[in-house]
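Below is one structure, written out as structure tokens; comments come after it.
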Amino acid sequence: MNALAATNRNFRQAARILGLDSKIERSLLIPFREIKVECTIPKDDGSLVSYVGFRVQHDNSRGPMKGGIRYHPEVDPDEVNALAQLMTWKTAVADIPYGGAKGGIGCVPKDLSTSELERLTRVFTQKIHDLIGVNTDVPAPDMGTNSQTMAWILDEYSKFHGHSPAVVTGKPVDLGGSLGRDAATGRGVVYAMEALLAEHGKSLKDLTFAIQGFGNVGSWAAKLIHEKGGKVVAVSDITGAVKNPNGIDILALLQHKEATGKLSDFSGADAMNSDELLTHECDVLIPCALGGVLNRENAGDIRAKFIVEAANHPTDPEADEILSKKGVVILPDIYANAGGVTVSYFEWVQNIQGFMWDEDKVNQELKKYMTRAFHNIKGLCKSHDCNLRMGAFTLGVNRVARATLLRGWEA
Ligand code: NAD
């Protein structure tokens, strides 16, 4: 089942549990606005080339819409739609005053030079600048984009609207980016996991972890777990996988990856087959790479007792069912990886206030938001007798439904 079908299914189940009437259910599902623009740029050799850019603005009942912009060859409107909707529920779960959006350009970023990427980003911004804004829609980096992309959007947008650092988040710190933003998603994953484990009377220090993906989210999560005394027994990325039943020295592994570009040949661990990472013996499995990795084929073989969904949509609905029958507790993505958007919100707040926070304050506030959201989710799990995924969906959908109803229907 693709991301859109799975998101719609979870939404409909939450709407049923909440007893939403069909008018509001329909209104919550349909995006507020879908934007499609053609971006034509001169390539470095002087030839002209066109790319299609999308922005789906899903819902703004709780505040400006928020979500990433990705540069990827397979950016398609259906997927962007699903991801925009997910952002609406995610920002509501975290209780930050935003709605949801997502966008992208269908291109292969590695095939474009830096100046071509800059021209493409500026043309895309020229086409959508009237439809985004500090109080309207605030983009952020996503797959294939980064802080430099946000700097170009900020610069181009500011030509039309005056200096507006809060129009994007995930900016370089020199242009008003927040301290702690780089680590925020991985750090949020660890705070979320600590709240879950405390509920089960457990602590990171006593448990073993297997982590799929050693990029931004996976490496920060691994580093923080290691610092807090947890034992990371297996790690994989696109280049391979390593294991050590006594715990991997994550700082040494990071240095090895930095020096060689790969995980293999690390002297502090044994090589293993990447396919075995997900079914490796551990207490907590943290998928931090791709969607759909836990599916009907491998769900029965998972040995972890807890799964923390740091990646977006790593668990297929069929796997969800199999794992839940096995008694595996799953911390869902719309909550577990909300640390990034939460610190994006802190960045926007700092830009609007014109006052920068120190990193300790960012991390303390992040912990507060992640812990509070966990207890809010648990409250709904109790009152609706449902699992954590449905607890998170009912929490998010109910907050957006309430805001929509309070604002009223009259034109
Ligand atoms: P990233 O590109 O920095 O890292 C991705 C990692 O996955 C890399 O280490 C890569 O080698 C690894 N990988 C790719 N294919 C793999 C495979 N077949 N087997 C094992 N590892 C593989 O990306 P990221 O920013 O760390 O994002 C990871 C996931 O978290 C994605 O699903 C993303 O949508 C989600 N997410 C990220 C953020 C964020 O702030 N970065 C926020 C929310 C959700």
Side-chain angles (χ1 to χ4, degrees), residues 60 62-69 86-102 132-142 145-151 153-154 157-158 163-195 216-217 220-221 223-224 310 312 333-377 392 395-396 399-400 403:
N60 61 1
R62 301 182 67 259
M65 294 168 282
K66 185 88 191 90
I69 289 185
L86 265 183
M87 286 305 295
T88 299
W89 316 137
K90 189 180 289 188
T91 53
V93 167
D95 207 9
I96 52 182
Y98 280 147
K102 202 78 169 191
I132 62 172
V134 176
N135 295 306
T136 319
D137 176 2
V138 183
D142 202 280
T145 56
N146 53 29
S147 58
Q148 177 61 72
T149 322
M150 296 304 112
I153 296 178
L154 158 60
Y157 180 88
S158 296
H163 183 57
S164 314
V167 71
V168 284
T169 60
K171 299 177 288 291
V173 173
D174 286 329
L175 289 175
S178 179
L179 296 172
R181 175 62 186 88
D182 193 39
T185 305
R187 193 179 290 281
V189 163
V190 173
Y191 290 151
M193 186 162 59
E194 285 182 318
N216 173 280
V217 180
W220 271 108
K223 188 166 174 257
L224 294 166
N312 279 320
D333 51 1
I334 68 165
Y335 161 63
N337 68 29
V341 72
T342 302
V343 174
S344 269
Y345 162 59
F346 299 158
E347 179 175 330
W348 180 77
V349 167
Q350 292 170 70
N351 295 152
I352 288 171
Q353 289 180 330
F355 183 79
M356 296 294 287
W357 301 355
D358 64 31
E359 197 167 342
D360 278 351
K361 177 167 167 79
V362 172
N363 295 342
Q364 271 168 27
E365 290 292 326
L366 176 60
K367 183 167 191 176
K368 203 155 72 186
Y369 274 68
M370 294 304 294
T371 310
R372 182 183 64 191
F374 179 78
H375 292 296
N376 291 160
I377 292 168
L395 177 65
R399 281 181 172 153
V400 181

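In what follows, every heavy atom counts, from backbone to side chain, and hydrogens, waters and symmetry copies are set aside.
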Smallest separation among heavy atoms of V168 and N351, with atom names: O-OD1, 4.4 Å

Distance in Å, R187 CZ paired with K223 NZ, rounded so as to fall on 0.5 Å steps: 8.0 Å

N216 side chain to D182 backbone, donor-acceptor under 3.5 Å: yes

Pairwise side-chain contact, T185 with W220, heavy-atom cut-off 4.5 Å (strictly under): no

Distance in Å, T342 OG1 paired with I96 CD1, rounded so as to fall on 0.5 Å steps: 4.5 Å

Spatial distance of atom CE (M193) from atom CE (M370) [nearest 0.5 Å]: 10.5 Å

Side chain to side chain donor-acceptor pair (under 3.5 Å) between T145 and D142, worked out: CA-CA 5 Å; T145 56; D142 202 280; over 6 Å; no

Expected output: side-chain S164 to main-chain S158 donor-acceptor under 3.5 Å: no

Non-hydrogen atoms of P141 and S147 that approach each other most closely: CG-N, 4.5 Å

Partner residues of N135 under the side chain to side chain contact (heavy atoms under 4.5 Å, CB included) criterion, sequence neighbours left out: W348

For V349 against W357, the heavy-atom pair lying closest together: CG1-CZ2, 4.0 Å

Under 3.5 Å donor-acceptor, T371 side chain and K368 backbone: no

Main-chain N/O of A310 paired with N337 side-chain donor or acceptor, under 3.5 Å: yes

Spacing of T91 atom OG1 and Y98 atom OH [to the nearest 0.5 Å]: 9.5 Å

Where I334 and K90 come nearest, the two heavy atoms and their spacing: O-CG, 3.1 Å

CA sep, side-chain torsions, deciding dist, call: Y191, N363, side chain to side chain contact (heavy atoms under 4.5 Å, CB included): CA-CA 10 Å; Y191 290 151; N363 295 342; 3.8 Å; yes

Interatomic spacing from NZ in K171 to CG in L154 - rounded to 0.5 Å: 7.0 Å

Short side-chain to backbone donor-acceptor contact, N146 and T149, under 3.5 Å: yes

From I69 atom CD1 to I153 atom CD1, the distance as rounded to the nearest 0.5 Å: 4.0 Å

Shortest non-hydrogen contact from S178 toward Q350: OG-NE2, 3.0 Å

Side chain to side chain contact (heavy atoms under 4.5 Å, CB included) involving A92 - partner list, sequence neighbours excluded: R62, R399, V400

Reference residue T169; test side-chain hydrogen bond (donor to acceptor under 3.5 Å, both in side chains); the match among R181, E347, K66: K66

Non-hydrogen atoms of A373 and Y335 that approach each other most closely: CB-CE1, 3.7 Å

